[in-house]
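Data block below; observations after.
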Amino acid sequence: MDGTVRARFAPSPTGFLHLGGARTSLFNWAFARNNKGTFILRIEDTDMARSTDESVDVILDSLKWLGFTWDEGPGAGGDCGPYFQSERRGIYKEYLQKLLDKGHAYYCFCTPEELAERREKTLAEGNNWRYDRHCLRLSPEEVQGLLTPGKKAVLRFRIPEGTTTFIDMLRGDISFHNTELDDFVILKSDGMPTYNFACVVDDALMHITHVIRGDDHISNTPRQVLLYRALDFCVPEFAHIPMILGHDKTRLSKRHGSPSVTYYRDKGYLPEAMVNYLARLSWASGEEEKEIFSREEILDRFSLDQVTKHSAVFDLDKLNWMNSLYIRQASNAYLAEILIQILTQEGLKKVEEITPEFRSYCEQVVSVMKERMKYVALIVEEARYFFDDTYAFDPAVFEKILLEEGVSQRLKLCRDEFHKLPAFTMEATEDVVRKLSESLNVKATKLIHPLRVAVSGVKVGPGLFELLVVLGKERVLSRIDRALQAIQGKK
RNA sequence: GCCCUCAUCGUCUAGCCUGGUAAGGACACCGCCCUUUCAAGGCGGCGGCAGCGGUUCAAAUCCGCUUGAGGGCGCCA
């Protein structure tokens with residue numbers, strides 16, 4: 001590997017960034033950084049019908065969230081721009097002409113309808129469809145005659161005879177008989193180049209040394225190699241990394257839950273955890289006991305020859321485990337910020353209501369919840385009582401815990417003792433409960449469980465005394481009263 | 001259908017290239033301990049080299065076939 005490594009991630013802005021794309025981006029980024037090379041971001045927006053600006057924004061945001069900073073590309077500048085393919089039409093035109101001049105490309109006037117018809121017929125006869133070179137037979141005069149009145153045309157690449165072989169860094173030699181490759185379209189009738197063509201021109205002009213992409217591109221590679229050769233470009237190194245599949249072993253998609261990076265961000269997954277998890281899919285450092293890798297550790301160790309060749313199944317359980325681990329290690333301030341994002345997004349809190357006091361309350365909430373969170377939004381999903389005084393009582397729990405004989409009496413005693421407390425601390429509240437249980441001659445749990453249900457509505461959550469302190473004396477007292485009323489109503 | 005790729009516990013993987021340790025770890029699951037619920041933590045358990053054939057004293061590891069899985073076969077990328 002001589003010269004500076006230049007790797008790129010080239011998403012098409014036709015939707016959000018999905019986990020597969022994120023992982024491809026991660027490997028490119030890690031590979032570039034590990035080799036002290038350059039990481040380039042290029043937007044492949046040649047599909048005018050499906051590309052959107054919003055999608056570009058989402059992809060950029062996702063990448064930034066994951067921390068994959070690019071050295072060249074949108075917002076970063078660079079000497080090989082523009083980095084949007086839609087802005088490179090002039091460049092493609094030049095190379096298209098080159099192919100035309102050298103006889104590697106030809107005009108095709110077949111309409112999509114005609115093509116579909118012939119394809120179906122061929123398939124029905126049990127044969128494989130390849131473009132039948134219908135328009136290759138046209139003489140230059142005929143072509144000119146059709147072009148002049150402005151008839152819709154595309155440009156096709158003329159596939160030479162023979163076999164095309166390339167080296168995949170993970171698999172070694174891969175060969176295709178050129179008969180498998182038909183004369184594919186390189187310029188669409190709307191004036192945009194197709195993926196295979198634009199990709200080759202850009203990778204060459206951007207001096208990409210390593211093309212790291214999903215292995216669904218393996219069958220595109222021989223076509224691209226042929227294009228590199230026809231254009232007298234240097235062929236880069238290729239590494240086709242395995243895809244990420246859903247539990248049914250098919251390509252990860254909406255059917256498998258949400259595959260978008262932003263979904264996980266909005267759920268309160270930490271980017272560090274996501275990067276770590278994604279990295280461990282198809283990659284292992286060789287250190288047998290090691291599962292947890294910081295971004296730096298990944299950069300430090302990443303190597304393509306430690307990437308597996310087989311696809312990996314996305315496992316939410318393991319992501320959850322990893323995320324909860326990162327959450328437990330994260331600072332309360334960091335977690336509170338994420339929680340606040342979620343609260344405002346969910347409409348539970350308005351931006352102007354985020355006072356320093358509220359922020360500090362959020363920090364207390366995450367500090368008691370961080371031991372038991374798979375992701376931050378779980379607070380909103382399962383511990384809404386922190387932010388909602390009108391929380392409901394879980395019917396089964398209410399029945400079992402609060403409707404038990406003597407509970408009202410015990411709750412009243414607790415409330416009265418709590419009321420007298422000058423300092424509402426963990427020690428003080430626990431002391432109250434312990435003493436009361438002794439004098440009443442009941443187990444402490446006979447007070448603890450009803451109290452928990454009274455102030456939160458559910459039977460699971462943080463340790464009771466930390467919960468009480470976070471909620472604060474006033475709210476605890478009024479919540480006990482509220483529970484008492486509910487019990488009264490049920491009797 | 002044709003072409004390409006892949007194949008170690010349910011899942012992610014180490015080991016394979018440079019044949020020779022009871023095939024190691026993690027998640028999940030199950031049990032026990034701890035405990036104020038849920039977690040976390042500790043201890044233990046379950047569970048795998050897809051199959052067949054070959055090479056070899058010896059095969060997860062090398063070779064072949066079969067099977068299975070994934071991907072591609074667009075004026076999508």
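In what follows, every chain begins at residue 1, and chains take the letters A, B, ... in the order their sequences are listed.
- When Watson-Crick and G-U wobble pairs are counted only if both distances are under 3.5 Å, B/A28 pairs with no nucleotide at all.
- When heavy atoms are screened at a 4.0 angstrom cut-off, A/Lys459 is found touching base atoms of the nucleic acid.
- Residues satisfying the salt bridge (charged side-chain N to carboxylate O under 4.0 Å, His left out) test with A/Lys374, not counting sequence neighbours, are none.
- A/Phe184 comes within 4.0 angstrom of no nucleic acid atom, judged by non-hydrogen atoms across all strands.
- Residue-level contact check: A/Arg50 touches the bases, meaning some heavy atom is under 4.0 Å from a base atom.
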Review item, side-chain donor-acceptor pairs of residues 120-128 of chain A, under 3.5 Å, at least two apart:
residue, atom, partner, partner atom, Å
A/Thr122, OG1, A/Arg118, O, 2.7

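- B/A40: no Watson-Crick or G-U partner with both key distances under 3.5 Å is found in any strand.
- Using a 4.0 Å heavy-atom cutoff across all strands shown, A/Ala444 reaches no nucleic acid atom at all.
- Comparing B/U61 with B/G19, their P atoms sit 12 Å apart, to the nearest whole Å.
- Under the rule for a side chain to side chain donor-acceptor pair (under 3.5 Å), A/Lys188 has no partner lying at least two apart in sequence or in another chain.
- Partners of A/Arg384 by side chain to side chain donor-acceptor pair (under 3.5 Å), not counting sequence neighbours: none found.
- Taking the C1' atom of each, B/U21 and B/C3 are spaced 43 Å apart, rounded to whole Å.
- Pairing for B/U21 is absent, with no Watson-Crick or G-U wobble pair whose two atom distances lie under 3.5 Å.
- No side-chain donor from either of A/Asn196 and A/Thr194 sits under 3.5 Å from a side-chain acceptor of the other.
- Distance noted for atom C1' between B/G68 and B/C32: 40 Å (whole Å).
- Taking 4.0 Å as the cutoff to heavy atoms of chain A, we find the contact window on RNA chain B bounded by B/G1 to B/A77.
- When the P atom is compared between B/C63 and B/C6, the two are found 12 Å apart, to the nearest whole Å.
- For residues 187-200 of chain A, proximity to RNA chain B is found at A/Lys188, A/Ser189, A/Thr194, A/Tyr195, defined as any non-hydrogen atom under 4.0 angstrom from a strand atom.
- The residue A/Thr14 sits apart from the nucleic acid: no heavy atom pair falls under 4.0 Å.
- Note on A/Pro222: nothing from the nucleic acid sits closer than 4.0 angstrom, heavy atoms only.
- Listed by chain and number, the residues in a side chain to side chain donor-acceptor pair (under 3.5 Å) with A/Arg475 are A/Tyr361 (sequence neighbours excluded).
- Evaluation of the ring pair (Phe, Tyr, Trp, His ring centres under 6.0 Å) test over residues 269-288 of chain A, restricted to residues two or more places apart or in two chains, returns A/Tyr264-A/Tyr269, A/Tyr269-A/Tyr375, A/Tyr277-A/Phe314, A/Trp283-A/Phe293, A/Trp283-A/Phe302.
- For A/Phe84, the ring-ring contact (aromatic ring centres under 6.0 Å, His included) criterion is met by no residue, not counting sequence neighbours.
- With sequence neighbours excluded, no residue forms a salt bridge (charged side-chain N to carboxylate O under 4.0 Å, His left out) with A/Asp394.
- Across all strands shown, A/Asp168 has no heavy atoms under 4.0 Å from either base or sugar-phosphate atoms.
- Within residues 363-374 of chain A, the residues approaching RNA chain B are A/Glu371, A/Arg372, by heavy-atom distance under 4.0 Å.
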Report the C-alpha separation of A/Lys267 and A/Glu381 in whole Å, then their side-chain angles, then the decisive distance to 0.1 Å, and conclude whether the salt bridge (charged side-chain N to carboxylate O under 4.0 Å, His left out) test is met.
CA-CA 10 Å; A/Lys267 271 272 178 184; A/Glu381 291 167 17; 2.5 Å; yes

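- A/Leu464 comes within contact range of at least one nucleobase, with a heavy-atom separation under 4.0 Å.
- Taking the C1' atoms as reference points, B/G25 lies 14 Å from B/G47, given to the whole Å.
- The residue among A/Pro11 and A/Thr308 whose nearest nucleotide of RNA chain B is located toward the 5' end is A/Thr308.
- The partner of B/C6 is B/G68, judged by Watson-Crick or G-U wobble contacts that both fall below 3.5 Å.
- Base engagement by A/His217 is indicated by at least one non-hydrogen atom pair under 4.0 Å involving a base atom.
- Contacts of A/Glu44 with the nucleic acid, taken as non-hydrogen atoms under 4.0 Å apart, involve only primed sugar atoms and P, OP1 or OP2.
- Among the atoms of the strands shown, only primed sugar atoms or phosphate atoms (P, OP1, OP2) are found under 4.0 Å from some heavy atom of A/Val313.
- Contacts of A/Ser324 with the nucleic acid, taken as non-hydrogen atoms under 4.0 Å apart, are absent.
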If you apply the rule ring pair (Phe, Tyr, Trp, His ring centres under 6.0 Å), what do you find for A/His210 with A/Phe27, and how did you get there?
CA-CA 11 Å; A/His210 298 264; A/Phe27 282 9; over 10 Å; no

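- Nucleotides B/U5 and B/C76 have their P atoms positioned 28 Å apart, rounded to a whole Å.
- Searching all strands for a Watson-Crick or G-U wobble partner of B/G1 with both distances below 3.5 Å returns B/C73.
- Nearer the 5' end of RNA chain B, as judged by each residue's closest nucleotide, is the contact made by A/Gly126, out of A/Gly126 and A/Met243.
- Looking at residues two or more places apart in sequence or on another chain, you find no salt bridge (charged side-chain N to carboxylate O under 4.0 Å, His left out) involving A/Glu363.
- Judged purely by distance below 3.5 Å, without hydrogens or angles, the side chains of A/Asp202 and A/Gln85 pair a donor atom with an acceptor atom.
- Taking atom C1' in both B/C9 and B/C4, the straight-line distance is 29 Å, to the nearest Å.
- At a threshold of 4.0 angstrom between heavy atoms, the contacts of A/Arg434 include nucleobase atoms, whether or not backbone atoms are also involved.
- Annotation: B/C34 and B/C52 have their P atoms spaced 47 Å apart (nearest Å).
- A donor and an acceptor atom, one from each side chain of A/Arg213 and A/Thr24, are nowhere located under 3.5 Å apart.
- As judged by a 4.0 angstrom heavy-atom cut-off over every strand, A/Glu291 is placed among the base-contacting residues.
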